Number of protein chains: 2
Amino acid sequence: MKPTLQAVADAVGVSRSTVSNAYSRPDQLSAILRERILDAARQLGYPGPNPTARSLRRGFVGSIGVLFTSQLSYAFTDPFAVRFLAGVGAAAERHGTSMLLVPLPPAVTDARRAVENAAVDGFCVYCVADEEWALDVIRQRGLPFVSTAARDDAGADERFVGIDERAAARSAAAHIAGLGHRRVALIADSVLPDAPAGPLTLAGVDQVPHPTTRDRLRGFADAFAEVGVGWAELTVVNVPGNSRTAAAAASAGLFDQPAPPTAVLAGSDVLALGVLDALAARPAHDRPPISVTGFDDVPEAAAAGLTTVRQPAEEKGRIAAELLLDPPADAAAGHVLLPTALVVRNSTGPVPRS
Amino acid sequence: MKPTLQAVADAVGVSRSTVSNAYSRPDQLSAILRERILDAARQLGYPGPNPTARSLRRGFVGSIGVLFTSQLSYAFTDPFAVRFLAGVGAAAERHGTSMLLVPLPPAVTDARRAVENAAVDGFCVYCVADEEWALDVIRQRGLPFVSTAARDDAGADERFVGIDERAAARSAAAHIAGLGHRRVALIADSVLPDAPAGPLTLAGVDQVPHPTTRDRLRGFADAFAEVGVGWAELTVVNVPGNSRTAAAAASAGLFDQPAPPTAVLAGSDVLALGVLDALAARPAHDRPPISVTGFDDVPEAAAAGLTTVRQPAEEKGRIAAELLLDPPADAAAGHVLLPTALVVRNSTGPVPRS
DNA sequence: GCTAGTCTCTGTATCGATACAGACTGGATC
DNA sequence: GATCCAGTCTGTATCGATACAGAGACTAGC
């Protein structure tokens, strides 16, 4: 059994408080006594104040949670998520705070419990799927949090860092529309919960529950509405999960239709790369010159020559953690909108004259 | 102030123990009383048992630490580290355990404190630099850990997952030697602590403190010794940190020497890619046909056509976490050696006849 | 010589829960 | 009717520290 602080106190013949001070408040005791205490501790093999007990008494833990409302192992597969994590890590480093990654079990009841049990001082919520239940639990616990997805019902005091999803998506679509494309497919993650992969019929964009997906689809639609292409004329392809292979599978059949789209707008680079994969998988003579756009500008996008919308991933993570660890006094400053930019590469081109 | 468990107990008129049981041991009380308690808790806004207090009393935390003996933000930059993390995450997910990423301040005293203060049940130690001090602290705390770097002084009971670094490195060098290369440079991370970037003189490989770097250099040397090329004839290039740009910088001057190497063996893919960058940066007419090998086989290696030694990254992380969370009864089973394989691509070729 | 003030150190209360032994009921068993 | 037992619930001890008020000892200042 490891000795406790009490054991060290007894060995030296001082009070528990004094030993505690030797570790946490060196100015509260003479240097000489402090050395005697630390020596005794070394001799006894005292491992230093128990972190859990300390946290309990102090009322804070010294670590922040990062919540992915999806499988944790997925987070490391998604290049954008990894850059986000790097940003959070950089901020955590600056503040001497640890990062707790909490895996969420598939069942919501279990997932709630996981969030309830996380020993953290606050959360960075990286939005992947529906997060409302998670925010409920966090609020219930009275913990601060920073969200990265804009929500309509967000309280004015809720901290947020993100981009104008709709405007950013619109810029990509405007580029495509400007190139003359009118038969267009939109491909996105979790368009409808539990909908199968592939094209689906959607009366309107309002039906999409996932806020980020919804906003991006809205942005795409905005640009096409402007050139006279209505929502009903757009093909929407659902992908269950933001996965390259899933996107390839879901989009494979798209180009064999009677009047195939000439451009595909993807809700993320990962999906866009999947679409490119599906095209590359076709025999060379049957490879239509489809324009493809992505979203995020992950490192792989540049290598693939993918036209995409850049958003600062690492910055997003860094600012999320900073907002959490060092909250601005001004509530308005807790709402950060990051810039985006359309990056045109060679995956997009004018609509071919047929 | 959030209500405590006591407050709920008072509200319902039962003992604290019973409320505790309502959450943690539902079989210990009648379903009907449990419902009454949970209802009251909801009404009072009780957030559920305080995770810290619970951990203190129970004696365990429900999370494992992942220790990178380098900057935490660096870990997310290194593709191999990310795959390792993904593996740890997958195992953590299976066990319902969280992962704590602990940033280590540059000063060792502070770094020790960070490890002392981490609220975890054990550590996966991902070896980047010298880790001995970290293992000391972990042992002192009496926590279990799994290491991924073989150390000479490892106790028989210490859990480990890794590869035969020396043999794996040797396989890459044997390939290069077999292609006829005799003037060769080895480039590695942290060959000597605080040594400047670039070629350095090293009496022997034993001087290298970092165990992984040392073993890989040894493996390289082994293969060349076999074809009559001694240690003194090998150029060793130091890179401070496993970084692509740093490797490019450190190796840039290498090819302007009177008798430049015809092959470069890198201690990691990241470094090898840096060497390729340095070559690509030269004007086309002055680009010698250098053979380059890497180590790890990260995703980027395939795209770059890099010949390398594959080691299973995700598997390594997964097994590290499994060994920690579900220790084998048999001590020998706690020592896992993973397979490696030489992957020959087009970054290596026969030595050019000049 | 007396009041203040500074350094050190102590003692008690507290953080918020869980473990475990034991008490109380009511029904089954013989 | 005594005994046993399973099902519920309570009470006390405990997990391992930190906060905070305050007690002594000493040095200064007047």
Side-chain angles (χ1 to χ4, degrees), chain A residues 1-38 40-41 44-62 113 116-121 140-143, chain B residues 1-38 40-41 44-62 113 116-121 140-143:
Chain A
M1 203 49 207
K2 282 281 159 192
T4 67
L5 194 144
Q6 177 73 67
V8 178
D10 293 347
V12 183
V14 295
S15 77
R16 207 161 59 236
S17 307
T18 301
V19 180
S20 172
N21 284 335
Y23 282 93
S24 311
R25 309 166 80 176
D27 57 314
Q28 293 296 302
L29 74 175
S30 63
I32 182 157
L33 177 57
R34 184 173 129 92
E35 267 319 311
R36 261 180 58 213
I37 291 176
L38 296 184
L44 291 172
Y46 174 63
N50 178 308
T52 306
R54 163 181 289 197
S55 297
L56 174 59
R57 184 63 247 241
R58 287 192 164 176
F60 69 89
V61 181
R113 200 182 314 281
E116 281 164 358
N117 288 341
V120 297
D121 299 321
Q140 171 86 0
R141 285 188 57 181
L143 291 179
Chain B
M1 201 51 204
K2 282 282 160 190
T4 67
L5 196 145
Q6 178 73 68
V8 178
D10 293 347
V12 182
V14 296
S15 78
R16 207 160 60 236
S17 308
T18 302
V19 179
S20 173
N21 285 335
Y23 282 93
S24 311
R25 309 166 79 177
D27 57 315
Q28 293 296 303
L29 74 174
S30 63
I32 183 157
L33 177 57
R34 183 172 129 92
E35 266 319 310
R36 261 180 58 213
I37 291 176
L38 296 184
L44 290 172
Y46 174 63
N50 178 308
T52 306
R54 163 179 290 196
S55 296
L56 174 59
R57 186 63 247 245
R58 288 192 165 174
F60 69 90
V61 180
R113 200 183 313 282
E116 280 164 359
N117 287 340
V120 296
D121 299 320
Q140 171 87 358
R141 285 188 58 181
L143 290 179

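Source: prediction; values computed, not measured. Letters go in sequence order (proteins before strands), and every chain restarts at 1.
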Separation of atom [atom1] in [X] from atom [atom2] in [N], rounded to whole Å:
| X | N | atom1 | atom2 | value |
| --- | --- | --- | --- | --- |
| A/Asn21 | D/dG16 | CG | P | 20 Å |
| A/Arg141 | C/dG16 | CZ | P | 13 Å |
| A/Glu116 | C/dA17 | CD | P | 12 Å |
| A/Asn50 | D/dC15 | CG | C1' | 8 Å |

Distance from A/Ile32 atom CD1 to A/Ile37 atom CD1, nearest 0.5 Å?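 Answer rounded to 0.5 Å: 11.5 Å.
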
Let me confirm one number: the CG-CZ distance from B/Asn50 to A/Arg141, rounded to the nearest 0.5 Å.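 So the CG of B/Asn50 and the CZ of A/Arg141 are separated by 7.5 Å.
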
Given A/Val61, which of A/Thr52, A/Leu56, A/Asp121, A/Val120 fulfils the side-chain contact (heavy atoms from CB on, under 4.5 Å) condition?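 One option only clears the test, and that one is A/Asp121.
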
Please determine if a side-chain N or O atom of A/Tyr46 lies less than 4.0 Å away from the OP1 or OP2 oxygen of D/dA17.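 Answer is yes, contact under 4.0 Å.
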
Determine yes or no for a side-chain-to-main-chain donor-acceptor pair under 3.5 angstrom, with A/Thr18 supplying the side chain and A/Val14 the backbone.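 Not at all, since once roles are kept as given, no pair shorter than 3.5 Å links the two residues.
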
Any donor-acceptor N/O pair, B/Gln140 side chain to A/Tyr46 backbone, under 3.5 Å: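 Answer holds: yes.
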
Considering all heavy atoms, the nearest A/Pro47-A/Pro3 contact: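 That would be CD-O, 3.9 Å.
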
Please report the closest heavy-atom contact between A/Ala118 and B/Pro51, naming both atoms and the distance.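 Distance-wise, the nearest heavy atoms are O-CG, 3.8 Å.
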
Name every donor-acceptor pair, under 3.5 Å, that has one atom in a side chain of residues 20-31 of chain A and the other anywhere in the protein, sequence neighbours excluded.
unit_1: A/Asn21; atom_1: ND2; unit_2: A/Ser17; atom_2: O; d: 3.4
unit_1: A/Ser24; atom_1: OG; unit_2: A/Arg54; atom_2: NH2; d: 3.1
unit_1: A/Ser30; atom_1: OG; unit_2: A/Leu33; atom_2: N; d: 3.3

Is it true that atom CZ of B/Arg113 has more than 12 heavy atoms of other residues, nucleotides or ligands lying nearer than 6.0 Å?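 Count not over threshold, so no.
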
All side-chain hydrogen bond (donor to acceptor under 3.5 Å, both in side chains) counterparts of B/Arg16, not counting sequence neighbours: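 So B/Arg16 forms a side-chain hydrogen bond (donor to acceptor under 3.5 Å, both in side chains) with B/Gln6.
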
Let me see the working for A/Val19 and A/Val12 under side chain to side chain contact (heavy atoms under 4.5 Å, CB included), right down to the final yes or no. CA-CA 9 Å; A/Val19 180; A/Val12 183; 5.8 Å; no

Could you work out how much the helix from C/dG1-D/dC30 to C/dC30-D/dG1 bends, comparing the axis of its first five pairs with that of its last five, to 10°?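 Computed angle between terminal axes is 40°.
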
Considering only heavy atoms, which members of residues 6-20 of chain B lie under 4.0 Å from some atom of DNA chain C?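 Nucleic-acid contacts, sorted: B/Arg16, B/Ser17, B/Ser20.
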
Return the residues of residues 53-62 of chain A meeting this criterion: a heavy atom under 4.0 Å from some atom of DNA chain D. Order them by number, or give none.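 Correct list: A/Ala53, A/Arg54, A/Leu56, A/Arg57, A/Arg58.
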
Give me the residues of residues 24-35 of chain A where at least one heavy atom lies under 4.0 Å from an atom of DNA chain D, by number, or none.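 A/Ser24, A/Arg25 - these, ordered by number, are the residues of the stretch whose heavy atoms sit under 4.0 Å from the strand.
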
